[in-house]
2 protein chains.
Amino acid sequence: MSSVRSPKKSPSTPGPADTTPPAGELVDTGFLRTLVGYNTRRAALSIIAVFMDRMAVYDLKVVDFSVLSLVEHNPGITSRQLCATLSVLPPNMVGLIAALERRGLIERRPHPSDGRAMGVHLTPAGVELTAQAAQTAAQLEEDATNRLTAAERKTLIRLLQKVYD
Amino acid sequence: MSSVRSPKKSPSTPGPADTTPPAGELVDTGFLRTLVGYNTRRAALSIIAVFMDRMAVYDLKVVDFSVLSLVEHNPGITSRQLCATLSVLPPNMVGLIAALERRGLIERRPHPSDGRAMGVHLTPAGVELTAQAAQTAAQLEEDATNRLTAAERKTLIRLLQKVYD
DNA sequence: TATTGTTATACTCTATAACTATA
DNA sequence: TATAGTTATAGAGTATAACAATA
C-alpha cells in the first residue's frame, strides 16, 4: 500500500522502440483499485448513471429526488436545512426549489415562527410523484447492485456510513 | 428494503398549524440513508474533499492524479485509453493532458505502431511528483477512512468493485 | 450583528458537433 | 468506413460577493 513500484526504466532517453505500448486494450488499473476513493467514486457514478436513466421519466435529477424525499419526511423544512443536508449552496437551491414549485410538486408557506424563512411542503401532486419515484428508486437500487446479496448490500451501506458520518 | 413507507398523513388539507416544523436543526434523512446510491455518493464526496485538500500542494485534481497513476503503470498509454478508463470524454482530455505536459510532468511521443495515436509517458519530474502524490494518497486514504478497520476497508473495496465491475 | 433567502455572476465540469489525419 | 486526436461551443454544476428582510 505504501510502496510505489519504480518504473521499469527511466524514460529520460526517448529511444525509438523503448516501452511496450499497452497491448490490445488492456490497461493496468491495479494501483487505483487499491484506493477507497477511486472505488467509491466509480461505484457512485455507476449507480447514478442508472438512477438518472430511470428517473428521466419523472424528469427528476438526483438532487431533485433528494429534495422531494426530504420534504416528504420533513414537511415544513426550510431551504437552509435542505442546503445543509444535501451540501448544496443556498444560491444554487433557489432555482432548484423554484423549478419544483413551478411544476406544482411543492409549495412554500411562511414559516410559523421565523419570518425570514419559508417552509417547504409537498403538494398532492408532489406526494403522488414522490411515492412513484421512491418505488422506482428502490427497484433501481436492486438492479444497479444486483451482484450483491441482501446481506452484502446492508454491509456496504453500514461501511459507507462509517466513512462519512 | 423494497417497501416504501406511506406518508403519515396526506398534506392535501393545508391547515394552519398542521405539521411540526423540523425541531431545532434535526432533519430526518432515514429514507435516503437506505439507498446505496445516496450513501455511496456521500462517502465519495467525503473522501474526495480530503483528497482535494491534501493534493492541493501538488496542484493536482482527482483526475490529474488518476492520469499520472495510469501513465506510470501503463507507459505509452494513449489518450483514448485514458478516456475509456476514467470515463472522460476525448475533448475534455485534451486540455488535461496539455496542462500536465506544459508542467513538464508527462510527454507524448508518436505511437510506434499507430500513426494517429500519441503514447503518453512520465518525465523524470513526473515520476518524482507521482511517487510523492501516491504516498500522500495512501496516507490520506487512511485518514479519510479512519473509522474503518483494515479488514473493513478491504471488504468495502471488494463490495464496491462488485457494484461497478 | 447574525441569519434567510435572493440576485448576479464567475468558474469548473461535462457534453455535442464537426474537422484532420491515419487505419 | 472507422478511429485518434483536436477545436469550438454549449450546457450543467458549483463557487463567491453582495443585498433586503428579519432575528
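Throughout, a chain's letter reflects where its sequence line sits, starting with A, and its residues are numbered from 1.
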Whether A/E141 and A/R153 form a salt bridge (side-chain N of Lys/Arg under 4.0 Å from carboxylate O of Asp/Glu) is what I want to check. no
Using a strict threshold of under 4.0 Å (side-chain N to carboxylate O), is an ion pair present between B/E101 and B/R103? no
Heavy-atom closest pair, residues A/L140 and A/F51: CD1-CA, 3.6 Å
Counting only non-hydrogen atoms, which of residues 86-98 of chain B are less than 4.0 Å from DNA chain D? B/P90, B/P91, B/V94
Protein-nucleic acid N or O pairs under 3.5 Å, nucleotides 10-12 of chain D:
none

side-chain N/O B/R80 vs D/dA2 OP1/OP2, d < 4.0 Å: no
Heavy-atom side-chain proximity of B/H111 to B/T78 below 4.5 angstrom: yes
Go through DNA chain C in 5' to 3' direction and return only the first and the last nucleotide with some atom under 4.0 Å of chain B's heavy atoms. C/dC13 to C/dA23
Backbone of A/L160 reached by a side-chain donor or acceptor of B/N39 within 3.5 Å: no
Side chain to side chain donor-acceptor pair (under 3.5 Å): pairs with one or both residues in residues 48-58 of chain B, sequence neighbours excluded: B/R54-B/D143, B/Y58-B/T136
Which whole-number value in Å describes the distance from B/I77 CD1 to D/dG5 C1'? 15 Å
Find the distance B/M52:CE to D/dA15:P and express it as a whole number of Å. 8 Å
Checking A/K162 now: which residues fulfil side-chain hydrogen bond (donor to acceptor under 3.5 Å, both in side chains) with it, not counting sequence neighbours? B/E152
Give me, pair by pair, the N or O atoms of the protein and of nucleotides 19-23 of chain D that are less than 3.5 Å apart, along with how far apart they are.
| residue | atom | partner | partner atom | Å |
| --- | --- | --- | --- | --- |
| D/dA23 | OP1 | A/G115 | N | 2.8 |

